[in-house]
Structures are given as structure tokens and as C-alpha cells.
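Encoded as C-alpha cells, the structure appears first; notes follow it.
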Amino acid sequence: MAVAPRLLNLLLVRGSRVGRIVEVEAYRGSADPASHAFGGRSRRNATMFGPAGHLYVYFTYGMHWCANVVCGEVGVGEAVLVRALAPVAGVGEMWSARPAARQERDLCSGPAKLCQAMGIDGAHDGLDLLAAGGAVQLLDDGTPAPRHPGNGPRVGISKAADRPWRWWVPGSAHVSPGRR
DNA sequence: CTTTGGATCGTCT
DNA sequence: GACGATCCAAAGG
């Protein structure tokens with residue numbers, strides 16, 4: 001979880017589409033009742049227990065994909081959910097992928113929205129975000145993480161909802177509405 | 001602006 | 001068989 005705020009301001013790259021990470025949430029394996037990894041490894045969450053730097057994509061509510069960056073050691077099951085991006089490049093493609101968006105800030109201001117905009121789905125589960133030439137990559141363009149990131153409770157969970165494991169870039173218009 | 005309910009199905013018990 | 005790490009459109013103030 002210590003690494004979660006350090007993901008802020010990194011770039012998520014998928015082909016010509018690029019977004020800057022502006023909101024994340026940490027999920028801590030077996031120590032965290034809200035985590036998919038709570039209760040051990042299973043078919044769906046296997047990627048969480050793999051090497052750090054890989055992409056964990058899961059399907060939820062019968063229609064949505066969400067993307068996480070695996071952050072723990074092998075066998076631990078820690079991951080960080082990417083909740084929002086600021087579009088940087090390929091914005092036209094994002095609009096095509098997300099006809100429901102009304103304003104640019106709606107393109108990637110939510111975990112399922114950004115997967116839609118970026119074209120990320122279950123086919124990308126388990127791939128290495130740090131490998132050169134990968135379909136989805138995590139890059140550092142030199143922009144440092146905020147010195148004092150926003151910090152507060154996680155969103156959309158019923159268990160352990162009080163743990164302040166959500167971080168965001170203060171003031172970013174692309175953070176989920178009502179949460180910046 | 002806020003609140004509400006529907007959509008929709010893989011996963012685990 | 002129940003329940004989501006959600007989103008959106010519609011309705012109400």
C-alpha cells in the first residue's frame with residue numbers, strides 16, 4: 001500500500017491512447033476484507049498473487065472491467081486499483097470507445113470508464129506493464145507524484161470502508177466526481 | 001444540483 | 001443462489 005500514492009502522475013499507455021493516473025485505491029490481500037484476495041487465491045484473482053508490475057483486470061456487475069496494478073511480492077496478493085486518468089493522447093479514440101461520455105472529464109473519471117476509454121478488458125489480465133512493447137504499459141515521463149496527495153476512504157465497497165486507502169492528485173478535474 | 005433504480009453475469013458458497 | 005472495487009438515464013428539488 002505504501003506504493004499506491006507513488007503511482008500518481010505515471011502514464012498508462014495503450015497503443016496511441018495515453019492517460020495520466022490521477023486517482024488510485026490500495027487493496028491489501030489477505031489483510032483486507034474488501035480485497036478480492038481476502039480469503040485466498042482463486043481462479044479470478046490469481047494475477048494479484050503474481051509478480052508486481054503486472055496488470056490485474058476483473059469483470060464486475062455483469063458489465064464492467066476494472067484495472068489494477070499488482071504491487072506485492074509473489075504470493076502476497078496486493079494490488080492498486082486505477083480509479084481515474086487524465087487523458088493525455090489519443091483522446092479521439094477514447095471518445096469513440098465511450099459514446100456515453102458527455103464531457104472530456106467523463107472519459108476516464110472512474111475505474112470502469114477508463115477501461116472502456118482505453119480499450120482494456122479481460123484479454124489484458126496478467127500482462128507485464130513494465131515490458132517494452134507490451135499492449136498496455138506503465139511509463140514515467142518524469143512528472144513526480146504529488147508531494148501532498150489527497151487521501152481518504154475508499155469508494156464503492158461495503159467492507160472495511162473506513163480504511164483511508166484512496167489517493168488522488170489534488171484538484172484534478174478528472175478525479176471521480178465529488179471525490180476530489 | 002441530488003437521488004434512485006435498472007442493467008447484467010462471472011465468481012464463489 | 002446471492003452478490004458485487006460500477007455506470008447511466010431519468011426523475012425530483
Side-chain angles (χ1 to χ4, degrees), chain A residues 1-8 10 12 19 21-50 52 54-72 76-87 94-127 129 136 138 149-169 172-180:
Chain A
M1 130 190 155
V3 293
R6 298 192 16 147
L7 294 180
L8 294 173
L10 292 183
L12 195 62
I21 297 176
V22 295
E23 185 183 5
V24 297
E25 277 180 8
Y27 287 88
R28 307 190 61 186
S30 55
D32 178 4
S35 170
H36 289 166
F38 184 73
R41 183 179 190 135
S42 67
R43 169 72 49 80
R44 175 173 67 161
N45 65 24
T47 301
M48 287 184 87
F49 291 85
H54 284 222
L55 184 66
Y56 167 48
V57 182
Y58 67 88
F59 185 69
T60 191
Y61 290 105
M63 63 188 84
H64 292 305
W65 296 100
C66 297
N68 299 243
V69 179
V70 177
C71 288
V76 173
E78 280 190 358
V80 173
L81 172 68
V82 181
R83 282 199 66 86
L85 301 175
M94 293 185 188
W95 277 107
S96 307
R98 267 185 59 64
R102 296 211 184 309
Q103 313 172 61
E104 182 167 316
R105 47 139 62 77
D106 299 327
L107 282 175
C108 302
S109 58
K113 298 182 197 176
L114 89 250
C115 283
Q116 230 177 288
M118 297 288 284
I120 294 172
D121 64 24
H124 305 286
D125 182 43
L127 67 78
L129 290 167
V136 184
L138 195 57
N151 173 235
R154 292 178 292 183
V155 174
I157 54 177
S158 54
K159 293 171 266 190
D162 54 319
R163 287 162 165 75
W165 290 344
R166 186 174 65 94
W167 287 267
W168 65 91
V169 175
S172 170
H174 300 279
V175 171
S176 321
R179 292 160 191 162
R180 54 186 106 99

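To find a chain, count down the sequence lines: A is the first, B the second, and so on, and within it residues start at 1. Since this is a predicted model, take the numbers as computed values, not measurements.
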Touch check for Arg154(A), heavy atoms < 4.0 angstrom, all strands: base, sugar-phosphate only, or nothing?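 No contact.
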List in chain and number order the residues that pass ring pair (Phe, Tyr, Trp, His ring centres under 6.0 Å) with His36(A), two or more places apart in sequence or in another chain; answer none if no residue qualifies.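 Result, ring pair (Phe, Tyr, Trp, His ring centres under 6.0 Å) vs His36(A): Tyr58(A).
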Quick one: side-chain contact (heavy atoms from CB on, under 4.5 Å) partners of [X], sequence neighbours excluded?
X: Ala97(A); answer: Arg17(A)
X: Arg6(A); answer: none
X: Leu114(A); answer: Val82(A), Leu85(A), Cys108(A)
X: Thr47(A); answer: Tyr56(A), Val70(A), Asp125(A)

Please identify each residue that fulfils salt bridge (charged side-chain N to carboxylate O under 4.0 Å, His left out) with Arg163(A), with sequence neighbours left out.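 With sequence neighbours excluded, Arg163(A) shows a salt bridge (charged side-chain N to carboxylate O under 4.0 Å, His left out) to no residue whatsoever.
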Just the endpoints, please: which first and last nucleotides of DNA chain B, 5' to 3', lie under 4.0 Å from a heavy atom of chain A?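 Nucleotide range in contact with chain A: dA7(B) to dC12(B).
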Does anything in residues 29-50 of chain A form a salt bridge (Lys or Arg N to Asp or Glu O under 4.0 Å)? List the pairs, not counting sequence neighbours.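 Residue pairs with at least one partner in residues 29-50 of chain A: Asp32(A)-Arg154(A).
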Salt bridge (Lys or Arg N to Asp or Glu O under 4.0 Å) partners of residues 95-105 of chain A, not counting sequence neighbours, each pair once: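 Sorted result for residues 95-105 of chain A: empty, none.
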Using a 4.0 Å heavy-atom cut-off, write out nucleotides 3-13 of chain C from 5' to 3' as B (base contacted by protein), S (sugar-phosphate only) or - (no contact). -BBBSSS----
Flag the pair Asn68(A) / Met48(A) as yes when at least one side-chain heavy-atom distance between them is below 4.5 Å, and no otherwise.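 Answer no - side chains too far apart.
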Only Watson-Crick and G-U wobble pairs with both distances less than 3.5 Å should count. Give DNA chain C in dot-bracket notation, marking inter-strand partners with |. ||||.|||||||.
Donor-acceptor contact present, side-chain Arg166(A) to main-chain Pro153(A), <3.5 Å: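 Flag set: sc Arg166(A) to bb Pro153(A) pair under 3.5 Å.
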